[in-house]
Amino acid sequence: MSSEHLKPDRNLAMELVRVTEAAAISAARFMGLGDKEGGDGAAVDAMRAFLKTVNMQGTVIIGEGEKDEAPMLYNGEQVGNGKGPKVDVAVDPVEGTRLLAYGRPNSIAVIGLAEAGSMWDPGDSFYMNKLVVEKKAKDAIDIRLSPTENLHRIAEALEREVADLTVFVLDKARHRELIAEIRKAGARISLHTDGDVLGALMAAIPGTGVDVLMGIGGTPEGVIAACAVKALGGGMQGQRAPQKEEEKRRLAEAGVDLSEILTLEKLVRSDNTFFAATGITEGSFLEGVHFDRRGGVTTHSIVMRSATGSIRFVKGIHQL
């Protein structure tokens, strides 16, 4: 069998959207019920079942649940039907479990995929500082600089004023100084309680109403987002930013350099990445799962591949 045959191909993109659709439909039944683990568990079960049908030999590198002890596809788990290309897989069956549990907007089911051995494994690093922009500004960012300096460089690259930029930031206590600085610089802010994979996606796609993602979020989510940013040709940089004492201790014992810049190329080395996301709850970017009285279900997804630069929005109508 030739090496070309063992590389991920274009068919995988549409197979992956079937996986996120299944996860989203299963999770949506739990919207607003206050049960974080119930919704996450349903999405995991659906995602795992559909991954078994995909023509690939996949290894889960990123199973988001490790960070918060939620149900998960575990790191090292083998997925796919055992045929076809060998690939690394990063999953978050429900990004925004609290959003789903409380019926809030913008929870999504996501999956990223890249050639085997190309996806960065964060190990004991659970949180990272992130900076994401669209293609036009990718060479302007430098995460070592202040938010103010980056905003001015991004505005210049986009041929706009800082006051015209909108920055996606997670509404967390750790971001008080960041939020104050962004406001002082004159940029607008879109605050969200959860969901920085979606934030990175919106920042990397022109015209979404979000121009930049800034701040500390999950490291696993950072790797998933990198698959999308790479497919979009956008810019992304990160740095480990441990938030818990145990995380800090483990990284210190391992001799990890916290100042290391995690470039997009380091997060995902392959130039052949795939990404799919399906809305669960209603959102500003992806519509949520809609159930109708006749048993039909409608989903709204985005799917992309870096090797071709293709981006598709998929409206699915399913009869259950």
Side-chain angles (χ1 to χ4, degrees), residues 120 122 125-192 194-244 247-248 251-252 255-269:
W120 182 64
S125 179
F126 296 145
Y127 290 90
M128 66 184 289
N129 189 25
K130 305 169 191 175
L131 181 57
V132 180
V133 293
E134 65 169 273
K135 183 177 183 178
K136 196 173 179 182
K138 69 177 184 178
D139 295 325
I141 60 174
D142 186 339
I143 201 166
R144 296 168 297 183
L145 301 178
S146 70
T148 301
E149 290 175 284
N150 272 300
L151 287 171
H152 281 280
R153 289 163 65 107
I154 292 165
E156 183 179 359
L158 296 178
E159 300 177 311
R160 295 160 65 184
E161 300 296 325
V162 171
D164 296 329
L165 300 180
T166 298
V167 186
F168 184 108
V169 181
L170 291 179
D171 191 7
K172 307 290 185 183
R174 61 179 178 260
H175 288 150
R176 285 173 185 160
E177 292 183 6
L178 172 63
I179 291 169
E181 183 171 348
I182 293 171
R183 286 172 174 162
K184 186 176 180 181
R188 301 180 297 173
I189 298 177
S190 180
L191 285 173
H192 298 257
D194 301 275
D196 64 344
V197 172
L198 180 67
L201 189 60
M202 294 177 72
I205 298 176
T208 63
V210 170
D211 304 293
V212 191
L213 175 136
M214 284 184 171
I216 297 168
T219 306
E221 290 90 340
V223 179
I224 297 172
C227 293
V229 176
K230 198 152 199 180
L232 292 161
M236 180 175 183
Q237 292 182 6
Q239 284 182 309
R240 296 177 184 86
Q243 300 297 299
K244 299 178 181 179
E247 181 185 4
K248 293 175 183 177
L251 293 178
V256 171
D257 178 10
L258 298 183
S259 67
E260 177 189 14
I261 297 176
L262 302 171
T263 62
L264 186 57
E265 188 60 31
K266 183 173 182 63
L267 292 170
V268 184
R269 293 190 300 277

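For clarity, every value in this text was computed on a predicted model and none was experimentally measured.
- The side-chain hydrogen bond (donor to acceptor under 3.5 Å, both in side chains) test applied to D194 returns R98, not counting sequence neighbours.
- Closest of all the heavy-atom pairs between L213 and G199 is CD1-C, 3.5 Å.
- By the side-chain hydrogen bond (donor to acceptor under 3.5 Å, both in side chains) test, T263 is found to be paired with no residue, residues two or more places apart in sequence or in another chain being considered.
- Proximity of I205 to T208: side-chain heavy atoms (C-beta onward) are separated by under 4.5 Å at one or more points.
- A donor-acceptor pair under 3.5 Å is formed between the side chain of H175 and the backbone N or O of L170.
- Between V169 and S190, every side-chain heavy-atom pair lies at or beyond the 4.5 Å cut-off.
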**Prompt:** Can L191 and I179 be said to form a side-chain contact (heavy atoms from CB on, under 4.5 Å), step by step?
**Reply:** CA-CA 9 Å; L191 285 173; I179 291 169; 3.6 Å; yes
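- Judged as a salt bridge (Lys or Arg N to Asp or Glu O under 4.0 Å), and not counting sequence neighbours, the contacts of R144 are D142.
- Annotation for E156: atom CD does not count as buried by contact number, only 12 or fewer foreign heavy atoms lying within 6.0 Å.
- The side-chain heavy atoms of R240 and E260, taken from C-beta on, include a pair separated by under 4.5 Å.
- Atoms NZ and CD, on K266 and Q237 in that order, are 13.5 Å from each other to the nearest 0.5 Å.
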**Request:** I would like to know whether L262 and W120 meet side-chain contact (heavy atoms from CB on, under 4.5 Å); could you show each step before the answer?
**Result:** CA-CA 10 Å; L262 302 171; W120 182 64; 3.8 Å; yes
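- Heavy-atom minimum distance, L232 versus A204: CD1-CB, 3.6 Å.
- Two residues are said to be in side-chain contact when any heavy atoms from C-beta on lie closer than 4.5 Å; L158 and E134 meet this criterion.
- When E181, R153, K184 are each tested for a side-chain hydrogen bond (donor to acceptor under 3.5 Å, both in side chains) with T148, only one passes: E181.
- The two residues I143 and G238 make their nearest non-hydrogen contact at CD1-CA, 3.7 Å.
- If you take CG on N129 and CG on L178, they are separated by 8.0 Å, rounding to the nearest 0.5 Å.
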**Request:** For the pair V162 and H152, evaluate side-chain contact (heavy atoms from CB on, under 4.5 Å) and give the outcome as yes or no after the intermediate values.
**Result:** CA-CA 6 Å; V162 171; H152 281 280; 3.5 Å; yes
**Asked** Passes side-chain contact (heavy atoms from CB on, under 4.5 Å), E159 versus K136? Steps please.
**Response** CA-CA 10 Å; E159 300 177 311; K136 196 173 179 182; 3.3 Å; yes
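- Of the inter-residue distances, the one linking F168 atom CZ with R188 atom CZ reads 15.0 Å to the nearest 0.5 angstrom.
- E247 and Q243 make their closest contact through OE1-N, 3.1 Å (heavy atoms, listed as atom of the first residue, atom of the second, distance).
- For E161, there are no side-chain hydrogen bond (donor to acceptor under 3.5 Å, both in side chains) partners two or more places apart in sequence or in a different chain.
- Applying the salt bridge (charged side-chain N to carboxylate O under 4.0 Å, His left out) test to residues at least two apart or on different chains, the pairs with a partner in residues 205-218 are R160-D211.
- Using a 4.5 Å heavy-atom cutoff, the side chains of I261 and Q239 are in contact.
- In this structure, the separation between CD on E221 and CG on L198 is 12.0 Å, given to the nearest 0.5 Å.
- Shown here is K135, whose NZ atom has no more than 12 heavy atoms of other residues, nucleotides or ligands within 6.0 Å.
- In this structure D196 satisfies the side-chain hydrogen bond (donor to acceptor under 3.5 Å, both in side chains) test together with K130, sequence neighbours excluded.
- Atoms CE and CG, on M214 and L131 in that order, are 5.5 Å from each other to the nearest 0.5 Å.
- A side-chain contact (heavy atoms from CB on, under 4.5 Å) with V133 holds for exactly one of I154, V210, V229, L165; it is I154.
- Using a 4.5 Å heavy-atom cutoff, the side chains of L151 and V167 are in contact.
- Closest approach of A140 and N150 over heavy atoms only: O-OD1, 4.2 Å.
- A 4.5 Å side-chain heavy-atom check between E265 and K230 finds at least one atom pair inside the cut-off.
- For the atom pair F126 CZ and I216 CD1, the distance stands at 15.5 Å (nearest 0.5 Å).
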